[in-house]
> 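Sharing a structure here in structure tokens format.
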Amino acid sequence: MTSVGSVRIDIWLWRARFAKTRGLAAELVERGAVRLTHQGKQTRLDKPSRVVHPGDEIVFARDGRVTVVRVEALGERRGPPAEARALYIPLGDDPG
């Protein structure tokens, strides 16, 4: 991809369209609602400045549902939904 190998979690959540604004993505992280698995180690994120890398797994609660995704790409902008969906692969979909 690009030479950049990581991006802030709040920016990634916003680019992947899991949050309408970066501010809302930052609030999600600051509330402790986001867990990151990087190189097999899971961490509850507390700062929006924490970074994600391709291959990381992210678990977060949003709108009463748990979402689990694997980061496939970092993106360069907040694009249309189809572009945003290319940034991740859903894992363990919540059936209900």
> Indicate yes or no: at least one non-hydrogen side-chain atom of Pro54 is less than 4.5 angstrom from one of Glu72.
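Not touching, per the 4.5 Å side-chain cut-off.
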> Under 4.5 Å between side-chain heavy atoms, counting indirect links through other Ile/Leu/Val/Met/Phe/Trp/Tyr residues: same cluster for Trp14 and Ile9 or not?
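Unlinked, Trp14 and Ile9 end up in two clusters.
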> Kindly state each residue pair satisfying salt bridge (Lys or Arg N to Asp or Glu O under 4.0 Å) with at least one member in residues 79-88, sequence neighbours excluded.
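Output for this query lists Arg77-Glu83.
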> Tell me the ring pair (Phe, Tyr, Trp, His ring centres under 6.0 Å) pairs involving residues 53-75, sequence neighbours left out?
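Only Phe18-Phe60, His38-His53 qualify under ring pair (Phe, Tyr, Trp, His ring centres under 6.0 Å).
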> Measure the CD1-CZ distance between Ile11 and Arg22 for me, rounded to the nearest 0.5 Å.
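These two atoms lie 4.0 Å from each other.
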> Tell me, please, which residues at least two apart from Glu27 pass salt bridge (Lys or Arg N to Asp or Glu O under 4.0 Å).
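Residues passing salt bridge (Lys or Arg N to Asp or Glu O under 4.0 Å) with Glu27: none at all.
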> Name all residues meeting the salt bridge (Lys or Arg N to Asp or Glu O under 4.0 Å) criterion together with Arg44; count only those two or more places apart in sequence or in a different chain, and write none if there are none.
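With neighbours one apart ignored, the set is empty.
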> Report yes if the side chains of Thr37 and Asp56 come closer than 4.5 Å at any heavy-atom pair, otherwise no.
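A side-chain contact is absent here, since even the closest heavy-atom pair is not under 4.5 Å.
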> I'd like to check the side-chain hydrogen bond (donor to acceptor under 3.5 Å, both in side chains) partners of Arg78; sequence neighbours left out, ordered by chain and number.
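Testing Arg78 for side-chain hydrogen bond (donor to acceptor under 3.5 Å, both in side chains), a comparison that skips the adjacent residues, returns none.
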> So, taking the atom named CG in Leu13 and the one named CD1 in Ile58, what distance separates them when rounded to the nearest 0.5 Å?
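Leu13 atom CG to Ile58 atom CD1 measures 5.5 Å (nearest 0.5 Å).
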> Quick check against the 3.5 Å criterion: does Arg17 have a side-chain atom that pairs as donor or acceptor with the backbone of Gly79?
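The answer is yes, because a donor-acceptor pair under 3.5 Å joins these two groups.
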> With sequence neighbours excluded, tell me which residues meet side-chain contact (heavy atoms from CB on, under 4.5 Å) with Ala61.
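Listed in chain order: nothing, the list is empty.
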> If I take atom CZ from residue Arg62 and atom OG1 from residue Thr67, how far apart are they, to the nearest 0.5 angstrom?
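Going from CZ on Arg62 over to OG1 on Thr67, the span is 5.5 Å.
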> Holding to salt bridge (Lys or Arg N to Asp or Glu O under 4.0 Å), I want the full list of residues that pass it with Arg50, two or more places apart in sequence or in another chain.
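Checked Arg50 against salt bridge (Lys or Arg N to Asp or Glu O under 4.0 Å); matches are Asp46.
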> So does Leu24 get a backbone contact from the side chain of Thr21, meaning a donor-acceptor N/O pair under 3.5 Å?
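Yes; at least one donor-acceptor contact below 3.5 Å.
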> Identify the heavy atoms of Leu91 and Val69 that sit nearest to each other, and give their distance.
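Where Leu91 meets Val69 most closely, the heavy atoms are CD1-C, 4.1 Å.
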> Quick one: closest heavy-atom pair of Ala86 and Ala73, and the distance?
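Reported closest heavy-atom pair: O-CB, 4.3 Å.
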> For Val51, does its backbone N or O pair with a side-chain atom of Trp12 as donor and acceptor, under 3.5 Å?
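Checked: no pair found.
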> Starting from Leu45, can I reach Leu28 by hopping between I/L/V/M/F/W/Y residues whose side chains sit under 4.5 Å apart?
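They do share one cluster, since a chain of ILVMFWY contacts under 4.5 Å joins Leu28 to Leu45.
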> Where is the tightest heavy-atom contact between Ala26 and Pro48, given as atom of each residue plus distance?
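In terms of heavy atoms, the two residues are closest at CB-CG, 3.6 Å.
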> Kindly write out the residues that satisfy side-chain contact (heavy atoms from CB on, under 4.5 Å) with Gln39, not counting sequence neighbours, or none if the list is empty.
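Partners of Gln39 under the side-chain contact (heavy atoms from CB on, under 4.5 Å) test: none.
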> Over all heavy atoms of both residues, which pair between Arg15 and Val7 is shortest? Give the atoms and the distance, please.
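It is NH1-CG2, 3.7 Å.
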> Excluding sequence neighbours, so at least two apart, what forms side-chain hydrogen bond (donor to acceptor under 3.5 Å, both in side chains) with Arg8?
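Here the qualifying residues are Asp10.
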> Going through the checks in order, is the side chain to side chain contact (heavy atoms under 4.5 Å, CB included) test met by Val59 and Val34?
CA-CA 6 Å; Val59 179; Val34 179; over 6 Å; no
> Would you give the length of the straight line joining atom OH of Tyr88 to atom CG of Leu74, rounded to the nearest 0.5 angstrom?
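Between atom OH of Tyr88 and atom CG of Leu74 there are 15.0 Å.
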